[in-house]
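So the structure is just underneath, and the comments pick up after that.
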Amino acid sequence: MSGITAMEKFPFLRLLLLLLSVSSCFITAAAVPSPACTDTVGKAYVGELQDSVEYLKEVTVIARRTRHQADGYTVSLRSSDIVRDKSASEALVFLPGVSRQASVYRINGVDVSEIYVDGMKLTSFSELDNIPAERIDKVKVNYLAGVSQNASISGGTIEITLKRVPEGGYSGSVSAMGGYANYGGLGNAGMLFQARYGRTSIYNSLTVNGGAMKERGWQSTRTSGGELLSAKDEQTSSPFWGIQDRLSLNREINKRNNIGISYYAGWSQSAPETGTREGGLSTSMINRSGRLTQEATVKYSSVFNDRGTSMDVTADWLNRILSTEYLYTSDDGQNRQQALSAQENRSNMLKLAVDFSDPLSEKLELEYGASAQYIASSYSPETVGQDDSGTGLGSSLPTRTRAFTPLAYASVAGKFWKIQYSVGLNLQMNWIEYIPLDGGGSPSGNIQWGVNPSVQLRMPLDSRGRFSLRLNYRHQLDNIPYDAISSTVRWIDPWHYSTGNPDLVAPTRDRVMLGLSIFGDILSLQGTYTHSRNSIYWDNFADPDSPGVFYETPVNIPRRNSYGLNAELNLNPLKPWRIKLSAEYTFNVEDNTIGGVTYRGTNVHRFYMLLNQLSFKGWGAAVNAVYDPAFRSFGYTYHSVYTVNLQFYKTFLDGRLRVALSGIVAGKRRRIDRTVGDQVITHAYTTPAQTATLSVFWSFSGGRKVSVRRVSGGQSYDEVVNER
């Protein structure tokens, strides 16, 4: 390693330096957000672009789109090419610092915790697919969640504000998509509708999806020395369907008071069947499950005075029911055995919150408030049938979990000299009780307290604002890992399952982010340090009662440190051409003993993303690529994956109708190795990554000018599962 330079080890640095060698005037002209770029653009290109006055005007407008704060930035997307011919989900990834890995949005390498649309928290991010990006007025990107948000909000947040709909009228969209992937078909349809009559606003978002996917793969078990113990072929068939709908009504009582209600319901069903074959033995697992999610919210808002002092009172109820039935079959050609079991998980959450905001002056704003969240969940197993082999498909222990999480907070934001700042503090308690219901065990529980400060600073480094430095820090006590505590058993395939651990405690972490913006967010650099205590790791074990069956259970890691480096380049070389290139490096320091195994050293996780978009007179194309090299994490090895996505589209009817053909033209699927004692279990997907989809998106609007409000749900219930 001593002879390898940093350039050789991280090839992205070579490309970065090459791009920086382009003249600063060209880079400045390409800027998305920097008010200081306007003069430079006008002077440098006045000779070459005399016939393109319209282009220069657009650059001037774009250069003034972004307003930076200590905790993030707000960007106006009115008439921006970022939103042209896209849905909201497609447009977000072109914002500075925002990326997407699978279905997870990230801000500067940290997962996004929540996304809001006009103050409404999205229960499912799929709602973004229904929103035409051209309906977006502005987007607020918060690097870290504020102290008013509860423990489950560990990363940043995104707040989307839509344009005002025509008064007395309506706006919305209808979309449909069908395609082919993994030897199967899939499709979805969506509808968004918003309107206003008098003082009443209505918002409705509906999504329906379904499909029948097929996966092929293989599994192997080897000794740590490499000796092959078993090899299995695997095939999974996954029929599924789902429907989600949100209805929101808001009534303006008068100019200073309004009340709103919102109801969300989502129902889905799936019946994946996973079969494995090893020699003459074949096994299969059918997992029939149904999930119902409901959320109801009532919110009252009031403005007390002309200064803008305001209060929000919110009551939120969340209900989730998951019913699962497992059918296990084993056939060696002579004997056929079956086992059947069923289980049900129910969760109810109630949250009350009161929030105040008081702008004390033009440069100083005070926010404070309190909230309390209560949860009650139950796990009810039922053994429907079982063979003589004693194969058990679920825990026989019924349990109930109760938890209470109160929180109080205060924060102040303003400007001192050149420095923008936001400083806050919250006090939070986690109380949880775990109760076995078989009569043979005693209740257990614990209480954790957290005093969680937050400091966010931003300082411009030049008079024009082209360069700036920011510092973000937050200490956090995480939410209680409800699902991971439960004794719920989740089968992955006939040979692997996961189960909870009632001895878990909630993790805490300190996160520091130091960022540098160059040429007005054309180039962004960030370093991150995270120190975690009691973080959750999924340890693996062999089932003592079932030979060849393995299970995983979550355990707390006493401490863990990680360091991150992020670099992002945003370019707009020509009016119809936009490029975004980003790289993330995360250095995870391992110095722990887990399950008797000691881990030492530093593992590096790298991630690269390229977005490349062209649009011209109603036609458009995009070539996007993602590369995730192999990395290790304690007892797991994740092998490299990549995807190259291609899209072509054409718009009609003055941009209101868009027809697009897209798909993955090249890719590599995931392979995972995990260590279980002195054995290594390998699982690999071998189904080709290629996909093809055809989509139609139509947006509409009409009526007079009016503002439409939304009602925000405040609940959060994250499942803590280890997915492969």
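For this chain, numbers begin at 1 and follow the sequence in order.
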For this session: For the residue pair Tyr599 and Phe634, categorise the inter-ring angle as parallel (less than 30°), tilted (30 to 60°) or perpendicular (more than 60°).
Result: perpendicular
Exercise. Hey, which of Tyr638, Tyr636, Phe607, Phe587 is the one that makes ring-ring contact (aromatic ring centres under 6.0 Å, His included) with Phe631?
Worked result: Tyr638
Problem set entry | Donor on one side chain, acceptor on other, Asp493 and His683, under 3.5 Å | no
For this session: Check whether any side-chain heavy atom of Leu477 lies under 4.5 Å from a side-chain heavy atom of Gln448, and answer yes or no.
Result: yes
For this session: State, with a plain yes or no, whether a side-chain heavy atom of Trp241 is found less than 4.5 Å away from one of Ser268.
Result: no
Problem set entry | Between CD on residue Gln338 and CG on residue Asp331, distance to nearest 0.5 Å | 9.5 Å
Exercise. What is the ring orientation for Tyr627 with Tyr608, classed by angle as parallel under 30°, tilted 30 to 60°, or perpendicular over 60°?
Worked result: parallel
Exercise. Side chains of Asp510 and Tyr529: is there a donor and an acceptor less than 3.5 Å apart?
Worked result: no
For this session: For the residue pair Thr236 and Glu273, establish whether any side-chain heavy-atom pair is separated by less than 4.5 Å.
Result: no
Exercise. Do Tyr326 and Val489 touch side chain to side chain, with heavy atoms closer than 4.5 Å?
Worked result: no
Exercise. Under the ring pair (Phe, Tyr, Trp, His ring centres under 6.0 Å) criterion, do His475 and Tyr473 qualify, and how do the steps go?
Worked result: CA-CA 7 Å; His475 174 80; Tyr473 164 75; 7.4 Å; no
Problem set entry | Sidechain N-carboxylate O distance under 4.0 Å for Glu552, Arg674 | yes
For this session: Compute the centroid of each ring, for Phe550 and then for Phe541, and state whether the two points are separated by less than 6.0 Å.
Result: no
Exercise. Checking side-chain hydrogen bond (donor to acceptor under 3.5 Å, both in side chains) for the pair Asp129/Ser89: CA distance, chi angles, key distance, verdict?
Worked result: CA-CA 6 Å; Asp129 297 330; Ser89 60; 2.7 Å; yes
Exercise. Does any N or O in the side chain of Asn592 come within less than 3.5 Å of the main-chain N or O of Ile594, such that one atom is a donor and the other an acceptor?
Worked result: no
Exercise. Would you say His496 and Trp491 make side-chain contact, with heavy atoms under 4.5 Å?
Worked result: no
Problem set entry | Contact check, side chains of Arg216 and Arg669, non-hydrogen atoms, under 4.5 Å | no
Problem set entry | salt_bridge(Asp591, Arg559) N-O dist < 4.0 Å | yes
Problem set entry | Any donor-acceptor N or O pair under 3.5 Å, side chains Thr686, Trp218 | no
